[in-house]
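Order of the sequence lines sets the chain letters (A, B, ...), proteins ahead of strands, with each chain counted from 1.
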2 protein chains.
Amino acid sequence: MNTQGPTRIQKKNRAVILEAALDVFSTHGFRGSTVDQIAKEAGLSKPNLLYYFPSKEAIHASLLEQMLDTWLDPLREMDPEGDPLEEVLAYVARKLEISRTYPRESRLFANEILQGAPRIGEVLSTDLKALVDEKIDLLTRWMKAGHIAQVHPYHLIFSIWSLTQHYADFDVQVRAVMGDQDPFQSAPEFIETLYRRLLTPT
Amino acid sequence: MNTQGPTRIQKKNRAVILEAALDVFSTHGFRGSTVDQIAKEAGLSKPNLLYYFPSKEAIHASLLEQMLDTWLDPLREMDPEGDPLEEVLAYVARKLEISRTYPRESRLFANEILQGAPRIGEVLSTDLKALVDEKIDLLTRWMKAGHIAQVHPYHLIFSIWSLTQHYADFDVQVRAVMGDQDPFQSAPEFIETLYRRLLTPT
DNA sequence: TTTTGTTTTGACCAACTGGTCAAACTCACG
DNA sequence: CGTGAGTTTGACCAGTTGGTCAAAACAAAA
């Protein structure tokens, strides 16, 4: 009888599989990826991989779930008690940093949304919407109090998402255009300037 | 011997196929789409579809080529003789309008880039880079002359791409968060404000 | 109507896909 | 050492995929 948690081997192999799957799914999308590909990347045989996860779907679901938390965290941290402008700027900086550190997660997410969010559409219109609405409220209060400039708060948030994730999702294009310059060296300053000028009250 | 151009039927069917393929490819990506799916959407049998295009790849390539022109046009139109700030704002407005009018093309492109641009990587680092470099030059001159504020010109362009395409590529997410409000009603004003504040010289 | 080129299709194929299974192997522990 | 649970694998399967092909159906000019 197994009364203990997962074996050392189970722990290691599940991690190895998720790591490999993230690589594969994030660059080929769900349907574009094959179990064989993931198994090879993980250094396992296909049946062995399917001994640790019941199906391709299950691996993908596990990755998405894990990723959604990482994705939402920076927004959650925006503090109603802090200095408004600095809070927004800090949020933007965190988001950009995450794009740099976890580009594969960003692309996994982008792939899912692009295809109509078949697997996380529900979460978007419940959990995500709830969190965003809460922060929209906060931003609106800040604007009404004159702490930051009045702009459409939804679009403010969308703009932050799109600007920061662009560097992960469209990495190939960014690098093709910029040549050998590192986009992440100059991006933080540009984006901070942008939001400072947009949000500093007149 | 066929000395004339394409038949009336050929013209119509090729168009119908491309239209159907755009629908399918843009929502499922290349590998996620099947020839059968496209054929069904086009109202043709699979062999009949393959009578008009030699392969799945060929249809995809044809779409990408056609799309790239549409995608680059608004940037080409940015006029060195015009008023700097208004030229940039007009470019942004054109780009956003295209996102609204051709969301499928935008998603087709996003899919391709996300997967590492295997089919258009070459074009990006030649044609696209050349065009961008030319406009970067123009923007830099405008900045040095004090007509628009000094910001990193590459990131300025990336920000325009990401902000405008976001509304096409992440449409599902935007709508999930905004509920039944139409994002395209309020987006143009927000984005214009953003670039006006960013670029108006101090 | 005949003839000739164009268009459409059902039947088919080989490669690949996600997933199963029984048998073999490995390993910690008594 | 032995034994039982945990781990790994080769062989296999049914469904799907992109693509082919010969024959049939159709259109239009003579």
Flag yes if more than 12 heavy atoms outside A:E65 fall under 6.0 Å of its CD atom; otherwise flag no.
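No, CD of A:E65 has 12 or fewer neighbouring heavy atoms, counting only those of other groups under 6.0 Å.
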
Looking only at side-chain N and O atoms, does [X] come under 4.0 Å of OP1 or OP2 in [N]?
X: B:N48; N: C:dT9; result: yes
X: B:R31; N: C:dT17; result: yes
X: B:T7; N: C:dT7; result: yes
X: B:Y51; N: C:dT7; result: yes
X: B:Q10; N: C:dT6; result: no

Write down the distance between [atom1] ([X]) and [atom2] ([N]), rounded to a whole number of angstrom.
X: B:F53; N: C:dT8; atom1: CZ; atom2: P; answer: 14 Å
X: B:D36; N: C:dC12; atom1: CG; atom2: C1'; answer: 14 Å
X: A:I38; N: C:dG19; atom1: CD1; atom2: P; answer: 10 Å
X: A:L44; N: C:dT26; atom1: CG; atom2: P; answer: 16 Å
X: A:N13; N: C:dC27; atom1: CG; atom2: P; answer: 13 Å
X: B:E57; N: D:dT17; atom1: CD; atom2: P; answer: 17 Å
X: B:L49; N: D:dT20; atom1: CG; atom2: P; answer: 13 Å
X: A:K40; N: D:dT9; atom1: NZ; atom2: P; answer: 15 Å

Looking for any heavy atom pair under 4.0 Å, which part of the strands does A:I9 touch: base, sugar-phosphate only, or nothing?
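Contact class for A:I9: sugar-phosphate only.
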
For a quick check of understanding: with a heavy-atom distance under 4.0 Å over all strands, which category does A:L50 fall into, base, sugar-phosphate or nothing?
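Base: the residue A:L50, judged by heavy atoms under 4.0 Å, touches a nucleobase.
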
Position toward the 5' end of DNA chain D (nearest nucleotide), B:P54 or B:R8:
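Taking each residue's closest nucleotide, the earlier one in sequence belongs to B:P54.
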
For B:S55 and for A:P47, find the nucleotide of DNA chain D with the closest heavy atom, then tell me which residue's nucleotide is more 5'.
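Going by which nucleotide is closer to the 5' end, it is A:P47.
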
Does NZ or CZ of B:R119 fall inside the cone over B:F30's six-membered ring, less than 6.0 Å from its centre and within 45° of the axis?
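Judged by the rule (NZ or CZ under 6.0 Å from the ring centre, within 45° of its axis), B:R119 counts as positioned above B:F30.
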
Carboxylate-amine/guanidinium contact [X] [Y], below 4.0 Å:
X: A:R14; Y: A:E19; answer: no
X: A:E97; Y: A:R100; answer: yes
X: A:D36; Y: A:K56; answer: no

Which one, D:dG19, C:dT7, C:dG19, comes nearest to the side chain of A:K56?
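Ranking D:dG19, C:dT7, C:dG19 by closest atom to the A:K56 side chain puts C:dG19 first.
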
Residue B:Y52, side-chain heavy atoms: nucleotide from C:dG18, C:dT7, D:dG19 that is nearest
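Of C:dG18, C:dT7, D:dG19, C:dT7 is nearest to the side chain of B:Y52.
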
